[in-house]
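To keep things clear, I will list the structure first and then write my remarks on it.
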Amino acid sequence: MVTHDVAEALELVDYVYYMSAGKVEFQGTPDEVRAGRLPSLRQFVYGEPDGPVPFHYPAPEYRQDLLSQ
């Protein structure tokens, strides 16, 4: 199964492979995944907004972006 619904996936599967940048970064049971200490894995599993993967990309201020269209 390939999914981004982490909570559901961890309830359905027996084993997990977590991939990042084209390689397997972590593998283990759902309990091992939940307890994993790899920062990018924790950010993905728990939906943390702050971590090694940035969610905010440089962009113009929203109001100016609307006016420029």
Side-chain angles (χ1 to χ4, degrees):
M1 170 190 316
V2 175
T3 182
H4 283 86
D5 189 336
V6 179
E8 182 177 1
L10 292 178
E11 296 299 321
L12 297 173
V13 301
D14 296 321
Y15 206 77
V16 176
Y17 291 91
Y18 169 71
M19 296 185 69
S20 178
K23 65 181 183 172
V24 176
E25 294 284 336
F26 186 91
Q27 58 183 328
T29 67
D31 287 339
E32 290 171 328
V33 169
R34 288 183 193 99
R37 300 183 62 80
L38 182 67
S40 64
L41 175 66
R42 292 196 61 78
Q43 184 181 15
F44 182 71
V45 169
Y46 295 105
E48 298 171 347
D50 296 320
V53 180
F55 283 98
H56 302 285
Y57 297 97
E61 194 269 323
Y62 183 63
R63 183 180 305 252
Q64 285 185 349
D65 192 33
L66 289 175
L67 294 173
S68 68
Q69 294 183 12

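Throughout, residue positions are numbered sequentially from 1 according to the sequence presented. Side chains are part of it too, since the values below use all heavy atoms of this structure and drop only hydrogens, waters and symmetry mates.
The salt bridge (charged side-chain N to carboxylate O under 4.0 Å, His left out) analysis of residues 48-69, with sequence neighbours excluded, yields no pairs. Sorted by first and then second residue, the salt bridge (charged side-chain N to carboxylate O under 4.0 Å, His left out) pairs involving residues 4-21 (not counting sequence neighbours) are E11-R34.
When all heavy atoms are compared, the tightest approach of Y17 to Q27 is CE2-OE1, 2.8 Å. Contact record, L41 with G36: CD2-CA, 4.2 Å, taken as the closest heavy-atom pair. What you find for G28 and V33 is that their closest heavy atoms are O-CG2, 4.1 Å.
Remark: F44 engages H4, V6, Y18 in a side chain to side chain contact (heavy atoms under 4.5 Å, CB included) (not counting sequence neighbours). Not counting sequence neighbours, the partners of L66 by the side chain to side chain contact (heavy atoms under 4.5 Å, CB included) test are Y62. Under the rule for a side chain to side chain contact (heavy atoms under 4.5 Å, CB included), the partners of A9 that lie at least two apart in sequence or sit in another chain are M1, T3. In this structure P39 satisfies the side chain to side chain contact (heavy atoms under 4.5 Å, CB included) test together with P52, sequence neighbours excluded.
Under the 4.5 Å side-chain contact rule for hydrophobic residues, L12 and V16 share a cluster. Residue Y46 is not grouped with residue V53 when hydrophobic side chains (ILVMFWY) are merged at heavy-atom distances under 4.5 angstrom, including chains of intermediate members. Tracing side-chain contacts under 4.5 Å through hydrophobic residues (I, L, V, M, F, W, Y), one reaches M19 starting from Y15; they form part of the same cluster.
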